[in-house]
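Working notes for the structure below.
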There are 2 protein chains.
Amino acid sequence: MALDNPTTQAVVTTADKVFDQMLHAIVEGTIKAGSKISEPELAKHYQISRSTLREALNRLEKCHLIERKANVGSRVVECSIAGLLEIYIVREALEGMACRQAAHNMTDDEIIEMKAMLAQHANSKALRDGVSYYQEEGDLDFHYKVILGSHNQQLINILCGQLYHLVRMYRCQFGMNSPRATKAFDEHSRIIDAIADRDGELAEMLMRRHIAASRKNIENKISQQL
Amino acid sequence: MALDNPTTQAVVTTADKVFDQMLHAIVEGTIKAGSKISEPELAKHYQISRSTLREALNRLEKCHLIERKANVGSRVVECSIAGLLEIYIVREALEGMACRQAAHNMTDDEIIEMKAMLAQHANSKALRDGVSYYQEEGDLDFHYKVILGSHNQQLINILCGQLYHLVRMYRCQFGMNSPRATKAFDEHSRIIDAIADRDGELAEMLMRRHIAASRKNIENKISQQL
DNA sequence: CTAATTAATATTGTCGACAATATTTAGGTT
DNA sequence: AACCTAAATATTGTCGACAATATTAATTAG
């Protein structure tokens with residue numbers, strides 16, 4: 001899968017595998033949002049002991065994909081509009097800062113690599129045809145690279161390690177294919193330019209606007225539906 | 001304890017208690033930073049089974065206080081200057097945004113309560129005498145209130161749930177009592193004013209400067225020591 | 001028939017033992 | 001003596017069973 005998380009270490013233990021499977025299942029909605037998680041049932045389903053399952057559940061909790069109450073159990077998080085907007089607020093702050101840091105800390109090679117990636121996106125059939133590819137994988141790839149470029153392990157952990165699974169979940173469940181594809185591409189280009197110029201202040205501002213625009217796009221859609 | 005985390009739910013299970021004890025031990029350095037964690041040894045020390053201990057370890061990992069490698073074990077995180085600066089970068093971004101949100105979302109009552117808290121800090125003996133109290137608990141209390149005032153659950157979780165334990169750990173281990181006490185107090189006052197004026201943009205800017213000033217203060221200290 | 005109380009059931013929390021993997025120690029070869 | 005190899009040891013991962021708590025069902029009083 002194209003946007004495999006560079007921060008996720010190699011999957012070795014069975015708890016890792018089950019975590020991976022459940023991650024996909026939750027993100028894609030196979031395990032429904034808001035549903036209660038039955039440990040005995042899932043343990044039987046994955047053919048593992050409850051201890052191992054609970055280990056996997058702990059990692060899902062780290063990604064904020066499930067919530068646990070003592071002596072009661074776990075539930076998959078709900079996907080609400082309010083929750084989505086909350087995430088966008090966090091992303092605006094963190095990715096904005098990541099972008100500023102990337103402008104300071106990215107190596108020249110990393111910048112070259114990023115430009116190459118964007119050029120590839122520009123040529124990609126999917127972008128010309130429609131919105132699908134770029135919106136999904138390409139967009140996430142771009143944001144990933146910027147975050148990694150910050151060279152700030154805390155930022156990387158929070159954004160790539162936990163928040164992005166939630167972002168993907170929302171994208172899957174709400175089926176986001178907004179008409180911002182080409183516009184977003186242009187914004188990405190300008191962001192890279194700012195990073196290449198080592199202009200952290202501008203880079204942060206552009207990234208924040210970029211994310212805020214997506215958020216407002218959603219807010220508009222919602223208000224229209226009412 | 002004055003700055004008990006409002007997001008931490010009631011401690012009911014034994015794993016919770018052990019988590020709490022280990023949390024304090026790590027923050028205060030009783031369990032040394034960078035040290036390896038022996039599951040059999042600690043399980044014996046706390047008189048619990050390894051399963052329960054591992055449950056506690058999982059929560060510590062969620063706070064980024066320990067790091068685990070598959071089939072190898074857990075280590076307490078190291079406290080490096082670089083790591084501290086990374087955290088300040090994240091705080092600047094997230095608390096800045098939290099402050100902006102607080103300006104939008106805090107209730108009038110919450111703002112009144114905050115002003116009262118600050119007035120109390122101004123009168124507090126500790127502030128007049130020295131730097132100790134305000135730097136430690138008062139400062140954290142202030143930041144907590146702002147974060148909670150954002151009414152953004154994601155922000156609250158990340159900042160209060162995980163990042164602040166690390167911040168406290170650094171404060172304990174590096175023994176931070178900078179000469180910024182009265183200056184910081186003034187900055188807090190202006191931030192609250194901005195929130196009361198519902199000026200989110202200014203509130204964010206002031207909070208970011210406030211945190212950036214702390215970071216630069218540390219950077220200066222370090223460069224002097226070299 | 002409704003509501004509260006209690007009994008029955010199911011689920012989560014905790015435990016100790018075994019299996020798989022890593023680390024250390026001992027031994028042998030160059 | 002240094003280095004690689006292999007046995008021994010210790011540590012982590014996984015399992016199934018029991019205890020504690022919550023949820024549901026049954027029973028009884030009003």
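Throughout, protein chains are lettered first and strands after them, A, B, ... in sequence-line order, and every chain is numbered starting at 1.
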For the pair A/Asp108 and A/Arg198, find out whether any cationic side-chain nitrogen is under 4.0 Å from an anionic carboxylate oxygen. yes

Check this for me, if you would: do B/Glu67 and B/Arg75 make a salt bridge, where the nitrogen-to-carboxylate-oxygen distance has to be below 4.0 angstrom? no

Out of [options], which nucleotide sits closest to the side chain of [X]?
| X | options | answer |
| --- | --- | --- |
| A/Thr14 | D/dA22, D/dT14, D/dG13 | D/dT14 |
| A/Arg68 | C/dG13, C/dT23, C/dC15 | C/dG13 |
| B/Lys36 | D/dG13, D/dT12, C/dC15 | D/dT12 |
| B/Ser51 | D/dT14, C/dT14, C/dG16 | C/dG16 |
| B/Pro40 | C/dT14, D/dT11, D/dT14 | D/dT11 |
| A/Glu39 | C/dC15, C/dT12, C/dT21 | C/dT12 |
| B/Ala70 | D/dG13, C/dT14, D/dT23 | D/dG13 |

Figure out the [atom1]/[atom2] separation between [X] and [N], and round it to whole Å.
| X | N | atom1 | atom2 | result |
| --- | --- | --- | --- | --- |
| B/Leu53 | D/dT12 | CG | C1' | 12 Å |
| B/Ile66 | D/dT12 | CD1 | C1' | 13 Å |
| B/Asn58 | C/dG13 | CG | C1' | 14 Å |
| A/Tyr46 | D/dG13 | OH | C1' | 19 Å |
| B/Phe19 | C/dT14 | CZ | C1' | 19 Å |
| B/Arg54 | D/dT12 | CZ | C1' | 6 Å |
| A/Leu42 | C/dA10 | CG | C1' | 16 Å |
| A/Asn71 | D/dT21 | CG | C1' | 5 Å |

Plane angle bin for A/His143 and A/His188 - parallel if under 30°, tilted between 30 and 60°, otherwise perpendicular: perpendicular

Using a cut-off of 4.0 Å on non-hydrogen atoms, how would the nucleic acid contact of A/Ile37 be classed: base, sugar-phosphate, or nothing? sugar-phosphate

Using a heavy-atom cut-off of 4.0 Å across all strands, would you classify A/Thr52 as base, sugar-phosphate, or nothing? sugar-phosphate

Out of B/Leu84, B/Val76, B/Ile87, B/Leu23, which one pairs with B/Met169 under the side chain to side chain contact (heavy atoms under 4.5 Å, CB included) rule? B/Val76

Of B/Val72 and B/Ala15, the one whose nearest nucleotide on DNA chain C sits closer to the 5' end is B/Ala15

Any heavy-atom pair between the side chains of A/Arg54 and B/Glu55 that's under 4.5 Å? yes

